[in-house]
Amino acid sequence: MNPMTGRIFNIQRFSIHDGPGVRTTVFMKGCNLKCRWCHNPESQERENQIMFYEHKCKDCGACRQLCSRMFTGECINCGRCAEICPYEARELCGRDITADELMSEIKKDMIFYQTSGGGVTFSGGEPLLQSKFLFEMLKKCREEGIHTAIETAANVSAEIFERAAELVDFVICDVKCIDEELHRQGTEVSNRQILANVSALIKSGREHLLRMPLIPGFNETQVDAVAEFAGESRLELMPYHAIGTGKYSALQREYDENEFFVPQKEFMEQITQKYDNVFYDK
Ligand code: SF4
Ligand code: SF4
């Protein structure tokens, strides 16, 4: 029987923003939201993708000699052109990894987890879309005594969400807005199931953190509603930034840089001062 695999697009070691202590963050590929401001657009598609950074290309022709599929629209994302590009202008985003291979990667930093109270965080994309693989990883980590967290948008069935919450030590959950129509406009999906899952999480008493991406031009009018929904849960505001926009052109996608705005520090201070449980990383 073939070993179970998951599809990831990055493993980031020594992360300090995705849960307690020093962590390894595993970015899983594929998401069922299409947030218009997403700063990791390479996470959205489940399929592997070739990213092409035009500014790095020296037009040496090596990739064109290797394969003509890039001109015919028949690229199968095999990644060979990325391997041979001498200037790293082409990059294969996404790879399959077995649970044992991923455990070996995670265990490299065991000493840092133990000394800092850290562990591993499964992020994305949406880790709960690969629930079988994720559950396997959570069980393995538990056997090894490694603290686990998931970072999720919660747009999955209650059954999957609850099972994950049982297996993981810490849940970081996004709430983008309360207004359903606005949520559809920003992400292409309803937030009904998301809010039901988050609501159940809050009631469960399991350790969690809510996060709201604060995107002026989309949801700046929704902070009060989200803070009210959060109740006594901690709510971290994640201010919009435009760092990932170059990735859109690398994926041959359009991105309107004037649609959203980076929030002013004063605005962030003003909001967070209003609530005891709302904060942002200064
Ligand atoms: S191999 Fe790399 S540098 Fe050369 S033409 Fe292709 S993308 Fe450009
Ligand atoms: S990823 Fe593979 S199929 Fe696609 S252009 Fe590169 S070599 Fe050709």
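For clarity, every value in this text was computed on a predicted model and none was experimentally measured. When a ligand or atom number is given, it counts from 1 through the structure's own listing order.
- Asp169 contributes no side-chain N or O that, together with a main-chain N or O of Ala149, makes up a donor-acceptor pair within less than 3.5 Å.
- Residues satisfying the side-chain hydrogen bond (donor to acceptor under 3.5 Å, both in side chains) criterion with Arg80, sequence neighbours excluded, are absent altogether.
- No donor-acceptor pair under 3.5 Å is formed between the side chain of Glu188 and the backbone N or O of Lys34.
- Residue, atom and distance of the protein heavy atom nearest to atom 4 (Fe) of ligand 1 are Cys60 SG, 2.3 Å.
- In this structure, Phe9 and Arg95 have side chains that are not in contact, with every pair of non-hydrogen atoms separated by 4.5 Å or more.
- Protein heavy atom nearest atom 8 (Fe) of ligand 1, with residue, atom name and distance: Cys57 SG, 2.3 Å.
- Listed by number with element, the atoms of ligand 1 under 4.0 angstrom from any heavy atom of Arg90 are 7 (S).
- In terms of protein heavy-atom proximity, atom 2 (Fe) of ligand 1 is nearest to Cys85 SG, 2.4 Å.
- Taking a cutoff of 4.0 Å between a charged side-chain nitrogen and a carboxylate oxygen, Lys140 and Glu144 do not qualify as a salt bridge.
- In the vicinity of Tyr87, heavy-atom distances shorter than 4.0 Å reach the ligand 1 atoms 3 (S).
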Inset, instruction - Before giving the answer on ring pair (Phe, Tyr, Trp, His ring centres under 6.0 Å), spell out for Tyr240 and Phe261 the whole-Å C-alpha distance, their side-chain angles and the decisive distance to 0.1 Å. - result: CA-CA 7 Å; Tyr240 172 73; Phe261 313 96; 8.5 Å; no
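- At least one test fails for Arg253 against the ring of Tyr248: distance under 6.0 Å to the centre or angle within 45° of the axis.
- For atom 4 (Fe) of ligand 2, the tally of protein N/O/S atoms lying closer than 2.8 Å stands at 1.
- Here is the list of ligand 1 atoms found below 4.0 Å of a heavy atom in Phe52: 7 (S).
- Protein heavy atom closest to atom 5 (S) of ligand 1, with residue, atom name and distance, is Gly61 N, 3.3 Å.
- Interface of Asp59 with ligand 1, defined as ligand atoms under 4.0 Å from a residue heavy atom, comprises 5 (S), 8 (Fe).
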